[in-house]
Amino acid sequence: MDVPRLQDLLDLAEPDADRFLGRTQPMPKLRLFGGLLLAQSIAAAGRTVADDRPVHSMHALFVRPADPTDLIEYTVDRIRDGGATSARRVIARQDGVEVFTALVSFQRGRDGLRHQAEFPRATEPEDLLPLHERFADSDVPVPDWWRKPRAIELRHVDNPPTRLPTATPHGGASRRSTDAPPVEPTDASRHLVWMRAPEKLPDDPLLHACALAYASDMTLLEPVFLLHGVDRHAKGLQLASLDHAMWFHEDLRADEWLLYDQDCPVAAGGRVLGRGNVFDRSGRHVATVAQEGLLRIER
């Protein structure tokens, strides 16, 4: 699987007014990565909004599995353009069938009260291995695509939800740890992952918000596996995203390190809820994410 360039994936064609076409990417499974739908829907909506109104929220519903080999058509409904806010409805279709829908809101910034979540302490990303390097020479049973670079670089502060060499005392798999024995996942009420686009991106705030939306769907449900000691790639495990919400609080750069602080407060009814706070390197709380997923484990 070639490494997709985020900038290419987010460069939508516009055959007609308020109608856009998005490219897909090869996937190891027969289902399109949900983060691409999130990112392209924000990109499509943003193309219909004035530049001085950055995106501040998105609420999305995954309606049907999407085919990773077909183009995606996005239609944008201009619900409202007010004095400071704009609202858009985006529907994604393949072969005329709806696969995804989102409400995206934009707002010109205003002054007001300020506070934020606490910036968590974490190992610096330079002291951690990228996810694909952690598995490059490992015999841990994971899919081959876990051993290859991706459009977003991930560096887990703690163990991913599978058997891995023991973490170093300061947290995270060090660039120097190689032959430690595998261990079972430990309690992870807080799951920390550094992430960034490895390529330099243009100075377009909408593009960086789209890149973060893409990245936000990669690890958000991992805490449930760590909490229950379940291998993410165990036989008989089925996981699917149901819905996804994001709130953008501050300007951000997705090509610089962002720390994703994630947890799973509840699992019930065959569903799990993931939450995440996103911080930049300086400690600013730049975004908040929530997602519910369908989780089934056949025993």
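All values derive from a computational prediction rather than experimental measurement.
Remark: His228 engages no residue in a ring pair (Phe, Tyr, Trp, His ring centres under 6.0 Å) (not counting sequence neighbours). In this structure, the side chain to side chain contact (heavy atoms under 4.5 Å, CB included) partners of Leu221, at least two apart in sequence or on a different chain, are Leu239, Val272, Gln291. Listed by chain and residue number, Arg47 satisfy the side chain to side chain donor-acceptor pair (under 3.5 Å) test with Glu14 (two or more places apart in sequence, or in another chain). With sequence neighbours left out, Asp51 forms a side chain to side chain donor-acceptor pair (under 3.5 Å) with no residue at all. When the side chain to side chain donor-acceptor pair (under 3.5 Å) test is applied to Ser216, the partners found at least two apart in sequence or on another chain are His244. For Val266, the side chain to side chain contact (heavy atoms under 4.5 Å, CB included) partners two or more places apart in sequence, or in a different chain, are Ala268, Leu273. Residues passing the side chain to side chain donor-acceptor pair (under 3.5 Å) test with Asp251 are Arg284, sequence neighbours excluded. Phe100 meets the ring pair (Phe, Tyr, Trp, His ring centres under 6.0 Å) test with Phe62; sequence neighbours excluded. When the side chain to side chain contact (heavy atoms under 4.5 Å, CB included) test is applied to Ser57, the partners found at least two apart in sequence or on another chain are His59, Ser105, Trp247. Partners of Phe106 by ring pair (Phe, Tyr, Trp, His ring centres under 6.0 Å), not counting sequence neighbours: none found. Residues passing the ring pair (Phe, Tyr, Trp, His ring centres under 6.0 Å) test with His56, sequence neighbours excluded: none. Considering only residues two or more places apart in sequence or on other chains, Asp16 meets the salt bridge (Lys or Arg N to Asp or Glu O under 4.0 Å) condition with Arg19.
Using a 4.0 Å cut-off between charged nitrogen and carboxylate oxygen, Arg88 and Asp81 count as a salt-bridge pair.
Taking the six-membered ring where tryptophan is involved, the planes of Phe119 and Trp194 are perpendicular, since the angle between them exceeds 60° and thus also 30°.
For the residue pair Thr101/Arg89, the side-chain donor-acceptor check at 3.5 Å is not satisfied.
Note that CZ of Arg23 and CG of Asp8 are 5.5 Å apart. Values are rounded to the nearest 0.5 Å.
For the side-chain contact (heavy atoms from CB on, under 4.5 Å) test with Arg93, the passing option among Val99, Ile72, Thr75 is Thr75; the others fail.
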